[in-house]
Amino acid sequence: MVGMSGGVDSSVAALLLKQQGYDVVGVFMKNWDEKDDNGVCTATQDWQDVQDVCAIIDIPCYAVNFEKEYQDRVFADFLAEYRRGRTPNPDVLCNREIKFKAFLHFAMQLGASKMATGHFVQSETRNGHTLLLRGADGRKDQSYFLYMLKEAQLEKALFPVGAMTKAQVRAIAEENGLPVSTKKDSTGVCFIGERNFRAFLQNYLPAKPGDMRTEDGRKVGEHIGLAYYTLGQRKGLGIGGCGDGRSWFVVAKDVAHNVLVVSQGEDSPRLFTRYARASQLTWIADAPPVPDGTPLRCTVKYRYRQPDQSATVLAWKDELYLAADEQQRAVTPGQSVVLYAGEVCLGGAIVEETANEPFAQQKNR
RNA sequence: UGGGGUAUCGCCAAGCGGUAAGGCACGGGACUUUGACUCCCGCAUUCGUAGGUUCAAAUCCUGCUACCCCAG
C-alpha cells in the first residue's frame, strides 16, 4: 500500500513497485480540510492527481481520512508548543503518528504486507535490524523528518525513490506519462501546505503584543505575540533605520516578560552556541548505539538541509546532551536535532535549551 | 519672544547648480515536506511649502510652515 500525495515522488514510488511486481494499492490521505490562502482546496486537486496517476499505472486507489488523528496527535502538540513560545516541527510528529502509525496500521489491517511512501530515504536490514539511511540525493534527503521512527515501523516500509535523485524521479514520471511529472515540489507543513504562516497561526493563537527590546533593554519596536517569531528570524520585525543600519534578528524570547529580544547584525553572539540539551530522545534502533553516559562522536543536523555538523553527544535517559565542534547559529527550542553515523540516521531529539558552556552531565566526559 | 540650525522614500542617509547613491524596513520571486536563514528582483519624474534667479536647482535667493538648540 503506497501513501500517495499527488506529487511526483509518491507517484513514481507506486509506479516502481508496480513494475517490480508488487500488488500495489494507492491510498491518498486527507488529513486537513481547509482552503489555502488563495481559496483553493489543494487536497481536491491532489486527490484528482492521485486518481489520474493510478489509472495510468493501473492500480486501485482509495482515500482515507486521518483528520482526527492529525488534529489530536500532531496539531494539538504543534499549537501547545507555540503557546509555550517554542518553534515546533509538526512534520516529524506527522511521520511518526500519522504516516508510519495510523496509515501503517490501516495498511496492515487491510492485509497489506508493506507500506511505501515517496520519501527520499533508504532503509537496509543488517543483522536482522532495519536501519534508516539518507536518501541517495543529498539535496533532497528527508531522513531528518523520519528520525522519530523505530525499527519496527521501518521494517514494514519501502522507499522506492530513496536510491534515486530527484531528476531521475522526474524523468521516470515523464517517460511513463504521469501527469504530475512537472508538478512543483510541495512545501509547507505536510498536509496543510504553503501558507502565510503568520496569518495561519493567527487563526489559532491569541495575539499577545509586547515590546521588542535590545539585549540591554532598549525598546526598539513592538511585537504581535512571541509565538509569531522564531530565533534567528529577520523578516517581519518591521524595524529599520535605527542603530547602525544593519538588519535586526530575533535572538531570544523572554516569555516571562513577553519581550522579544532582538539584536542588530546576523552575527550576534547571542545566536551562536555550541552546547545544547534536547529531550524526547529517540534511537531508531531498538538497542542504542552507545549506553547512557557514554560520549558518541557523530554528525548532527539542527535543521533540515543543514550540512552535517560534527559533534559529541551524550545520551542520558530520554535526554541528549550535545557538544558541537563548531558554533551553531540559532539552535531553537522545539526544533529537532537529528543524529547520523555516516549515511545511517541514528535518531534524534527535541531541543530544550542551548548554552555556551557544557551542561553538568557533559563535563569530564 | 529674540538668535542659530535643520527640513531628501516608512526609518537612517548621500547629494554642495547639471538633471535623486546606499543601507534598513517593506513587496515579489527563487530555495524549501517544519519554523527560520540565504539568494535574486522591485521600491522617491521627486527632494517641507510658495515664489524668484538660471539654458538648467534637492542644491542659490525670498516668504511661509514644522521641528531642534541657545537665550529668556
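Per chain, numbering begins at 1; letters A, B, ... match sequence-line order. Values reported hereafter were calculated over all heavy atoms of this structure, with side chains retained and with hydrogens, waters and symmetry mates removed. If you're wondering where the values come from, they're calculated on a predicted model, not measured in any experiment.
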Atom [atom1] of [X] and atom [atom2] of [N]: how far apart are they, to the nearest Å?
X	N	atom1	atom2	value
N89(A)	G35(B)	CG	P	9 Å
Y302(A)	U34(B)	OH	C1'	18 Å
Y147(A)	U34(B)	OH	P	15 Å
Y144(A)	A36(B)	OH	P	14 Å
D185(A)	A30(B)	CG	P	12 Å
K140(A)	C31(B)	NZ	P	9 Å
Q328(A)	A36(B)	CD	C1'	15 Å
F197(A)	U32(B)	CZ	C1'	14 Å

Q. Going by atom types only, do S263(A) and R270(A) share a side-chain donor-acceptor pair under 3.5 Å?
A.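 No - no donor-acceptor pair under 3.5 Å links their side chains.
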Q) Which residues pass the salt bridge (charged side-chain N to carboxylate O under 4.0 Å, His left out) test with E174(A), sequence neighbours left out? A)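 With neighbours one apart ignored, the set is empty.
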Which word best sums up how the rings of [X] and [Y] line up, parallel for under 30°, tilted for 30 to 60°, or perpendicular for over 60°?
X	Y	result
F159(A)	F100(A)	tilted
F103(A)	F66(A)	perpendicular
F200(A)	F78(A)	tilted

Q: Begin from the C-alpha positions of D185(A) and K166(A) and carry the test salt bridge (Lys or Arg N to Asp or Glu O under 4.0 Å) through to its verdict.
A: CA-CA 10 Å; D185(A) 288 4; K166(A) 183 78 190 192; 2.9 Å; yes
Q | salt bridge (Lys or Arg N to Asp or Glu O under 4.0 Å) contacts in which one or both residues fall within residues 341-354 of chain A, not counting sequence neighbours | A |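 Residue pairs with at least one partner in residues 341-354 of chain A: R86(A)-E352(A), R134(A)-E343(A), R277(A)-E353(A).
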Counterpart base for [N], defined by Watson-Crick or G-U wobble contacts under 3.5 Å:
N	answer
C60(B)	G52(B)
G22(B)	C12(B)
U1(B)	A71(B)
G27(B)	C41(B)
U6(B)	A66(B)

Q: I would like to know whether Y82(A) and Y204(A) meet ring pair (Phe, Tyr, Trp, His ring centres under 6.0 Å); could you show each step before the answer?
A: CA-CA 10 Å; Y82(A) 269 117; Y204(A) 305 94; over 10 Å; no
(Q) Is there a side-chain contact between Q142(A) and Y304(A) in this structure, where contact means two heavy atoms from C-beta onward sitting under 4.5 Å apart? (A)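 Result yes, sub-4.5 Å side-chain heavy-atom pair found.
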Q) With no angle test and no hydrogens, is the base of G23(B) tied to the side chain of R246(A) by a donor-acceptor pair under 3.5 Å? A)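 Answer is no: no donor-acceptor pair is held.
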Provide a list of protein-nucleic acid N or O atom pairs under 3.5 angstrom, restricted to nucleotides 37-41 of chain B.
{"from": "C37(B)", "atom 1": "OP1", "to": "R234(A)", "atom 2": "N", "distance (Å)": "2.6"}
{"from": "C37(B)", "atom 1": "OP1", "to": "K235(A)", "atom 2": "N", "distance (Å)": "2.7"}

Tell me which donor-acceptor pairs under 3.5 Å the side chains of residues 10-20 of chain A have, and how far apart each pair is, sequence neighbours excluded?
{"from": "S10(A)", "atom 1": "OG", "to": "S5(A)", "atom 2": "N", "distance (Å)": "3.0"}
{"from": "S10(A)", "atom 1": "OG", "to": "S5(A)", "atom 2": "OG", "distance (Å)": "3.3"}
{"from": "S11(A)", "atom 1": "OG", "to": "G7(A)", "atom 2": "O", "distance (Å)": "2.6"}
{"from": "K18(A)", "atom 1": "NZ", "to": "D58(A)", "atom 2": "O", "distance (Å)": "3.2"}

Write down the protein N/O and nucleotide N/O pairs, taken from nucleotides 10-13 of chain B, whose separation is under 3.5 Å; answer none if there are no such pairs.
{"from": "C11(B)", "atom 1": "O2'", "to": "G240(A)", "atom 2": "O", "distance (Å)": "3.4"}
{"from": "C12(B)", "atom 1": "O4'", "to": "G241(A)", "atom 2": "O", "distance (Å)": "3.1"}

**Q.** Stepwise side-chain contact (heavy atoms from CB on, under 4.5 Å) test for K183(A) and D46(A)
**A.** CA-CA 10 Å; K183(A) 193 168 173 180; D46(A) 291 335; 2.7 Å; yes
Q: Examine distances only and state if a side-chain atom of Y229(A) and a backbone atom of I224(A) form a donor-acceptor pair shorter than 3.5 Å.
A: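 Checking the backbone N and O of I224(A) against the side chain of Y229(A), a donor-acceptor pair under 3.5 Å is found.
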Q | Stretch residues 340-355 of chain A: residues that reach within less than 4.0 Å of RNA chain B through a heavy atom | A |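 Residues of residues 340-355 of chain A that come under 4.0 Å of RNA chain B do not exist, since none gets that close.
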Q: Rounded to whole angstrom, note down the C1' distance from U62(B) over to U1(B).
A: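 Approximately 23 Å lies between the C1' atom of U62(B) and that of U1(B).
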Q: State whether S247(A) places a side-chain N or O below 4.0 Å from either non-bridging phosphate oxygen (OP1 or OP2) of A25(B).
A: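 Result: yes.
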(Q) Using a 4.0 Å heavy-atom cut-off, does Y304(A) contact any base of the nucleic acid, only the sugar-phosphate backbone, or nothing at all? (A)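 Y304(A): base contact, heavy atoms under 4.0 Å.
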Q | Which nucleotide in A36(B), U34(B), A30(B) has an atom nearest any side-chain atom of T187(A) | A |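 Comparing A36(B), U34(B), A30(B) against the side chain of T187(A), the answer is U34(B).
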